[in-house]
There are 2 protein chains.
Amino acid sequence: MKRIAIDMDEVMADTFQYCLDLYNAEFNLSLTPDCFHGHPLFEIIEPAHRPHVRSYFDRHEFFAGIHVMEGALEVVRELHRHYELFVVSAAMEVPSSFVAKFDWLRQHFPFIPASNIVFCGTKGIVSADYLIDDNVRQLNAFAGEGILFTAPHNMNETRFRRVNNWMEVRALFLPEE
Amino acid sequence: MKRIAIDMDEVMADTFQYCLDLYNAEFNLSLTPDCFHGHPLFEIIEPAHRPHVRSYFDRHEFFAGIHVMEGALEVVRELHRHYELFVVSAAMEVPSSFVAKFDWLRQHFPFIPASNIVFCGTKGIVSADYLIDDNVRQLNAFAGEGILFTAPHNMNETRFRRVNNWMEVRALFLPEE
């Protein structure tokens, strides 16, 4: 059985959109994902607002509010029948998020056992056939085949096979379903 | 540069001894590591005491009190110059321990960057040349070469190359130093 490692934020969890919604609401703005084309979140928002927005990620209730990415639940459940799945999150960047991320995954994807959740820094340490991730740095570090999941910040990337949404993940990994 | 993954509890951290010291003190006992020859901690202690002892692992201050395994600091520092090191802990078994384990590692081994700390369930997901671990189940799951670090519970194991202490780790990985 082939093994797929799946990133959490921006792939399974719509973290960017939730963060943007909070930011817009708090600062009375109306930024859309298009405003971030090719740029990370923190490059576009006002420098003076950055520490405050970073602090979102220290709060358990922030993670609790994040929605599952459209289509992720259904497709991950299908993949689970044909592949060995691991969720691999670069959680070491925000140690205060460990429990919140773990709780989110157990709540929304209870069929993925805790033993198949990995918190790491670099995904070069991950042994899997595929990694689905929005982060090019992590795909570069990974030794298997990297699949780039579209997010506003990675729109200009051309180095990896790209999937734009979970329907395209299904088409790639379950072509006969 | 070859990559070595190193387990935390019972290898870098003398978790067993600290747990035993607390247990002996609380219940006015005088168990020694020899009492556990070939058996996990929870097989030997009184069934009625097990939930209480398990609760130690939910407390941040428990991890904060654990000593570094004798010789670990010096040898890990030396290995760090010749190998790519990752600390890989099966922390998913006790999610409440994430932050405490992370803080312990950052305090005692500050030269290991956060990016090289991994919390997982099974170590089959770890891509490394070597894994030094006291847990035979994890060594079996690992695809590289497993090195068994002696602990009371694994005394009867014969399936892996064994190191009895950190001096033997040094002799194995840095024979010319």
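Reminder, nothing fancy here: chain letters follow the sequence lines and each chain counts from 1.
Side-chain contact check for A:R3 versus B:I125: some heavy-atom pair is nearer than 4.5 Å. Looking at B:T122 and A:F86, their side chains come closer than 4.5 Å, going by heavy atoms from C-beta outward.
Both A:V11 and A:I4 belong to a common hydrophobic cluster when Ile, Leu, Val, Met, Phe, Trp and Tyr are linked at side-chain heavy-atom distances under 4.5 angstrom. Hydrophobic clustering, with ILVMFWY side chains joined whenever heavy atoms are under 4.5 angstrom apart, groups A:W104 together with A:Y18. A:M12 and A:F63 fall within a single hydrophobic cluster, where Ile, Leu, Val, Met, Phe, Trp and Tyr side chains are chained together by heavy-atom contacts under 4.5 Å. In this structure, A:I6 is not a member of the same hydrophobic cluster as A:F142, with clusters built from ILVMFWY side-chain heavy atoms closer than 4.5 Å. Residues B:V75 and B:L131 are members of separate hydrophobic clusters, defined by side-chain heavy-atom contacts under 4.5 angstrom among Ile, Leu, Val, Met, Phe, Trp and Tyr.
How far OG of A:S96 is from CZ of B:F102: 9.5 Å, rounded to the nearest 0.5 Å.
The candidate from B:A128, B:A5, B:C120, B:P113 with the greatest count of non-hydrogen atom pairs under 4.5 Å with chain A is B:C120.
Looking at B:F98, the atoms closer than 4.5 Å to chain A (heavy atoms on both sides) sit in the backbone and in the side chain alike.
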